[in-house]
Novice: 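If you scroll down you'll find the structure; I have some questions about it.
Atom set for the values below is all heavy atoms of this structure, side chains included, hydrogens, waters and symmetry mates excluded.
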Number of protein chains: 2
Amino acid sequence: MNAPASMIRLTTQRQIILEELSKVTSHPTASELYDMVRKRLPRIGLGTVYRNLELMAESGMILKIEVGGTQKRFDATTDEHYHIRCSVCGRVDDIDVPVVKELVAQAKESSAYMIQGHHVEFTGICSDCQKKQH
Amino acid sequence: MNAPASMIRLTTQRQIILEELSKVTSHPTASELYDMVRKRLPRIGLGTVYRNLELMAESGMILKIEVGGTQKRFDATTDEHYHIRCSVCGRVDDIDVPVVKELVAQAKESSAYMIQGHHVEFTGICSDCQKKQH
DNA sequence: TTACTAAATGATAATCATCATCAATTAACA
DNA sequence: TGTTAATTGATGATGATTATCATTTAGTAA
Ligand SMILES: [Mn+2]
Ligand SMILES: [Mn+2]
Ligand SMILES: [Zn+2]
Ligand SMILES: [Zn+2]
């Protein structure tokens with residue numbers, strides 16, 4: 001009698017993708033995650049990784065970080081926080097700068113947009129790359 | 001006697017690309033700019049547009065905006081300012097929120113990175129897209 | 001347990017943005 | 001005006017992401 005409820009299944013693929021992402025703080029790309037997951041599920045497809053990361057990001061379980069660089073990155077830490085990207089090697093780290101709540105308030109006043117959120121991306125050179133610059 | 005100075009030429013292509021970018025405040029993508037420029041230079045190649053946008057961005061004449069969305073965007077306004085992107089249609093607008101200089105100072109204290117800069121990207125729904133949501 | 005079915009997967013192809021290559025053209029300058 | 005290295009336009013290559021679809025499977029109920 002009810003309309004068929006669209007079921008979201010708990011597949012092994014999904015669980016392992018989330019587990020592997022939760023293990024690291026490196027903000028891996030989809031294909032980095034694919035390599036990590038393949039050690040436990042050698043037959044998983046790259047498309048499955050993309051599909052599930054997208055789904056989990058939409059549902060708010062994880063964060064999709066779209067910053068500079070060519071690939072999107074993912075983050076199991078969903079607390080609001082900022083990032084810094086190395087302009088040499090592209091790595092992305094968390095940065096411990098407190099979130100500025102006033103920014104969203106100011107944005108609401110000065111824009112006709114319906115504001116949803118904000119993100120701050122710092123750029124710089126990571127310590128590894130600083131050393132390598134002879 | 002001097003080492004041959006690598007000459008940067010003032011080509012018509014370069015001038016027109018910069019002129020067209022300066023006309024708008026819409027943060028066009030490379031292919032949007034290609035369409036704009038082609039009206040005046042029908043034989044220009046898309047590669048030329050990419051090449052020159054990259055060059056101008058490196059030299060600081062223009063800004064390359066790498067935010068959410070699939071394509072990079074370009075900006076003739078080089079003063080430090082923040083942007084807002086519509087999560088529905090992807091358009092990018094300037095937002096009149098004052099730049100927070102303290103952010104970089106704080107980042108320098110709390111990170112081993114050599115900090116180069118920062119950018120704030122707000123997300124929201126633009127007024128056009130608000131209307132269309134029946 | 002078993003059977004049913006819609007959701008999900010894995011393999012593969014398609015798409016899209018960007019970059020690389022290279023012969024032909026051209027801006028700068030002697 | 002001739003020389004030459006920088007640049008262009010055409011084209012192909014690359015890399016990331018998305019779409020397609022036959023096959024598999026999680027969830028459910030008999
Ligand atoms: Mn993070
Ligand atoms: Mn701008
Ligand atoms: Zn680095
Ligand atoms: Zn919009």
Novice: Looking at side-chain heavy atoms only, is the closest gap between A/Asp93 and A/Arg91 below 4.5 Å?
Specialist: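 Sidechains of A/Arg91 and A/Asp93: in contact.
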
Novice: Report yes if the side chains of B/Glu20 and B/Ile16 come closer than 4.5 Å at any heavy-atom pair, otherwise no.
Specialist: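 Yes, their side chains come closer than 4.5 Å.
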
Novice: When the axes are fitted on five pairs at both termini, how much does the helix from C/dT1-D/dA30 to C/dA30-D/dT1 curve, in 10° steps?
Specialist: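 Rounded value for the end-axis angle: 30°.
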
Novice: Protein-nucleotides 16-19 of chain C N/O pairs closer than 3.5 Å?
Specialist:
from   : atom 1 : to      : atom 2 : distance (Å)
C/dA17 : OP1    : B/Gln71 : OE1    : 3.4
C/dA17 : OP1    : B/Gln71 : NE2    : 3.4
C/dT18 : OP1    : B/Lys72 : N      : 3.0
C/dT18 : OP2    : B/Tyr50 : OH     : 2.5

Novice: A/Val88, B/Ile115: one ILVMFWY side-chain cluster at the under-4.5 Å cut-off?
Specialist: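 Per the 4.5 Å side-chain linkage, A/Val88 and B/Ile115 are not co-clustered.
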
Novice: Show your working on side chain to side chain contact (heavy atoms under 4.5 Å, CB included) between A/Glu66 and B/Arg85 and close with a plain yes or no.
Specialist: CA-CA 12 Å; A/Glu66 311 186 58; B/Arg85 183 171 53 89; 4.2 Å; yes

Novice: For residues A/Ile125 and A/Ser87, report the shortest heavy-atom separation together with the two atoms involved.
Specialist: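 Shortest heavy-atom contact: CG1-OG, 4.0 Å.
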
Novice: Compare all side-chain heavy atoms of B/Leu21 with those of B/Pro28 and state whether any distance is below 4.5 angstrom.
Specialist: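 Yes - at least one pair of side-chain heavy atoms lies under 4.5 Å apart.
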
Novice: Would you confirm whether B/Ser22, through its side chain, and B/Leu18, through its main-chain N or O, come within 3.5 Å as a donor-acceptor pair?
Specialist: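 Judged by distance alone, yes, a pair lies under 3.5 Å.
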
Novice: Can you list every pair that meets ring-ring contact (aromatic ring centres under 6.0 Å, His included) and has a residue in residues 83-110 of chain A, with sequence neighbours left out?
Specialist: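 Matches after skipping sequence neighbours: A/His27-A/His83, A/His81-A/His83, A/His83-A/His119.
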
Novice: Would you mind reporting whether B/Leu53 and B/Ile17 have side-chain heavy atoms less than 4.5 Å apart?
Specialist: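 The answer is yes; the side chains approach within 4.5 Å.
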
Novice: Under a plain distance cut-off of 3.5 Å, with no hydrogens placed, do B/Asp94 and B/Tyr82 share a side-chain donor-acceptor pair?
Specialist: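 B/Asp94 and B/Tyr82 do not have a side-chain donor-acceptor pair below 3.5 Å.
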
Novice: What integer distance in Å separates A/Asn52:CG from D/dT17:P?
Specialist: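 Going from CG in A/Asn52 over to P in D/dT17 covers 15 Å.
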
Novice: Name every residue in residues 33-45 of chain B that has at least one heavy atom under 4.0 Å from any atom of DNA chain D, in order of residue number, or write none if there are no such residues.
Specialist: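 The stretch gives B/Arg43, B/Ile44, B/Gly45 as the residues lying under 4.0 Å from the strand, ordered by number.
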
Novice: Do any N or O atoms of the protein come closer than 3.5 Å to N or O atoms of nucleotides 20-23 of chain D, and which pairs are they?
Specialist:
none

Novice: Is there any protein nitrogen or oxygen under 3.5 Å from a nitrogen or oxygen in nucleotides 26-28 of chain C, and what are the pairs?
Specialist:
from   : atom 1 : to      : atom 2 : distance (Å)
C/dT26 : O2     : B/Arg9  : NH1    : 2.9
C/dA27 : N3     : B/Arg9  : NH2    : 3.4
C/dA28 : OP1    : B/Leu10 : N      : 2.9

Novice: Rounded to whole Å, please give me the gap between CG in B/Leu55 and C1' in D/dT8.
Specialist: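 Atom CG in B/Leu55 sits about 13 Å away from atom C1' in D/dT8.
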
Novice: Would the distance check show the side chain of A/Ser31 and the main-chain N or O of A/Tyr34 forming a donor-acceptor pair, the cut-off being under 3.5 Å?
Specialist: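 No; zero donor-acceptor contacts below 3.5 Å.
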
Novice: Within the distance-only criterion (no hydrogens, no angle test), does the side chain of A/Ser111 pair as donor or acceptor with the backbone N or O of A/Tyr113 below 3.5 angstrom?
Specialist: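 Side chain of A/Ser111 to backbone of A/Tyr113: a pair is present.
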
Novice: B/Arg38 vs B/Met36, test: side chain to side chain contact (heavy atoms under 4.5 Å, CB included). Steps then yes/no.
Specialist: CA-CA 6 Å; B/Arg38 251 197 307 186; B/Met36 293 158 65; over 6 Å; no

Novice: When you check the gap from the basic side-chain N to the acidic O, do A/Asp75 and A/Arg73 get nearer than 4.0 Å?
Specialist: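 A salt bridge is absent here (no side-chain N lies under 4.0 Å from a carboxylate O).
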
Novice: Send over the distance from B/Gln15 CD to D/dT8 C1', rounded to a whole Å.
Specialist: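 Atom-to-atom, B/Gln15 to D/dT8, this comes out as 15 Å.
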
Novice: According to a hydrophobic-cluster definition based on side-chain heavy atoms being under 4.5 Å apart (Ile, Leu, Val, Met, Phe, Trp, Tyr only), do B/Val120 and A/Ile65 belong together?
Specialist: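 In one cluster with B/Val120: A/Ile65, no.
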
